[in-house]
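Below: one structure, written as structure tokens.
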Amino acid sequence: MRSRILLPLLAAVVFAALIVASVGLFGPDDPAQREPAVAVGQSPNPLIAGHAHGIARRPTSGDVYVATHDGLFVITASGPSRVDGPTVDLMGFTMTESGDLLSSGHPGVGTDLPQPVGVIESGDNGKTWTVRSRGGQSDFHALTSSSRGLLGYDGTLRVSEDGRTWRNQPMSAEVTSLGASPDGANVLAATSAGVQASNTYGDTWTPVAEAPALVLLDWADARQVVGIDPSGAVFVSSDAGRTWKPASGKPLGPPQALGASIVDGRMEILVVTPTAIVRSVDSGSTFAPLR
């Protein structure tokens with residue numbers, strides 16, 4: 001943990017804020033220009049997670065994984081902790097149907113992975129990572145998986161059926177988020193030119209008319225999709241992203257990561273903001289701190 005986090009005044013602020021929820025302290029690569037971060041620990045020994053780029057709940061265990069610039073964290077029934085594994089600046093992040101973790105980004109000091117790491121995978125909840133493909137070539141800032149394979153964006157949109165061999169696909173706008181339905185029949189991309197949809201697994205794309213200006217999106221199941229705009233306003237779709245409705249409630253603040261899934265028969269939405277990790281089980285109408 002960086003020495004500046006231990007400064008008495010800042011420690012007091014962290015202690016007070018963590019009683020209610022998670023609190024942002026620092027972010028990615030250059031300490032002088034770091035983005036806000038999220039503290040997912042609890043006092044008196046807060047565990048600080050750098051700026052988050054992914055969040056997902058494992059259906060079998062209920063554990064929530066948070067991919068950050070300072071490595072992987074897990075939130076279990078007993079509380080949050082840093083995963084005891086190699087430190088990787090995790091960028092694109094997704095969980096496969098089988099529960100394996102896939103990510104991209106940059107290796108931390110002393111971590112034996114290429115720079116950038118390409119697509120890395122972990123079958124032991126982040127304790128170890130191995131390169132699946134594109135090691136030393138790609139830093140995917142957007143990454144999604146389905147039963148049909150992977151889609152990633154590293155400045156170029158790339159598609160893979162096996163996660164090892166990739167083909168490039170045209171995408172004129174910058175992609176901030178990718179999401180695929182579980183069977184891969186439908187794919188959505190949040191881009192600088194608006195939401196784009198594909199039913200050819202990324203081979204062709206069409207704009208989604210009247211879609212909100214989303215920066216992040218995720219599929220809860222084959223039909224339900226959640227999106228969030230730059231202010232943190234949440235939107236939901238029940239028809240695979242063709243139409244969208246705003247969720248009630250005020251914007252959550254600039255979002256860092258978004259996750260959606262079905263938990264106990266209800267759609268759960270997880271959002272990482274600069275000050276908290278929050279959860280909704282009523283289609284985004286209300287949010288409460290994730291505990």
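- By the 4.5 Å heavy-atom criterion applied to side chains, Leu252 and Val278 are counted as neighbours.
- Annotation: side chain of Val74 is not in contact with side chain of Asn125 (no heavy-atom distance under 4.5 Å).
- Between Leu178 and Thr144, the shortest heavy-atom contact is O-CB, 3.5 Å.
- When His69, His51, His53 are each tested for a side-chain hydrogen bond (donor to acceptor under 3.5 Å, both in side chains) with Asp89, only one passes: His69.
- Distance OG1/Thr206 to CG/Asn199: 7.0 Å, rounded to 0.5 Å.
- Asp282 and Ser280 share a donor-acceptor pair across their side chains, judged by distance under 3.5 Å alone.
- Residues Ile262 and Arg57 form no side-chain contact, since every pair of their non-hydrogen atoms from C-beta on lies 4.5 Å or further apart.
- Under the 4.0 Å criterion applied to side-chain N and carboxylate O atoms, Arg279 and Glu268 are assigned as salt-bridge partners.
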All N/O donor-acceptor pairs, side-chain side in residues 212-222, below 3.5 Å, sequence neighbours left out:
from   : atom 1 : to     : atom 2 : distance (Å)
Asp218 : OD2    : Ala260 : N      : 2.8
Trp219 : NE1    : Gly179 : O      : 3.0
Asp221 : OD1    : Arg223 : N      : 3.0
Asp221 : OD1    : Gln224 : N      : 2.7
Asp221 : OD2    : Gln224 : NE2    : 2.9

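- Nearest heavy-atom pair, Arg148 versus Asp183, reported as atom, atom and distance to 0.1 Å: CG-O, 3.3 Å.
- For the atom pair CE (Met171) and CZ (Arg158), the distance works out to 13.5 Å, reported to the nearest 0.5 Å.
- Within the 4.5 Å cutoff, the side chain of Val66 has no heavy atoms near those of the Leu72 side chain.
- The OG atom of Ser104 sits 9.0 Å away from the CG atom of Leu90 when rounded to the nearest 0.5 Å.
- With 3.5 Å as the limit, one finds a donor-acceptor pair spanning the side chains of Ser145 and Thr94.
- Ser146 and Tyr201 share a donor-acceptor pair across their side chains, judged by distance under 3.5 Å alone.
- Inspection of the Asp154 and His141 side chains reveals no N or O donor paired with an N or O acceptor under 3.5 Å.
- Within a 6.0 Å sphere centred on CG of Asp264, heavy atoms belonging to other residues, nucleotides or ligands number 12 at most.
- Under 4.0 Å is where a charged nitrogen must lie from a carboxylate oxygen, and between Glu210 and Arg242 no such pair does.
- Evaluation of the salt bridge (charged side-chain N to carboxylate O under 4.0 Å, His left out) rule for Glu174 yields no partner, not counting sequence neighbours.
- Taking OG1 of Thr68 as the start and CZ of Phe93 as the end, the distance is 10.5 Å to the nearest 0.5 Å.
- Annotation for Asp239: atom CG counts as buried by contact number, over 12 foreign heavy atoms lying within 6.0 Å.
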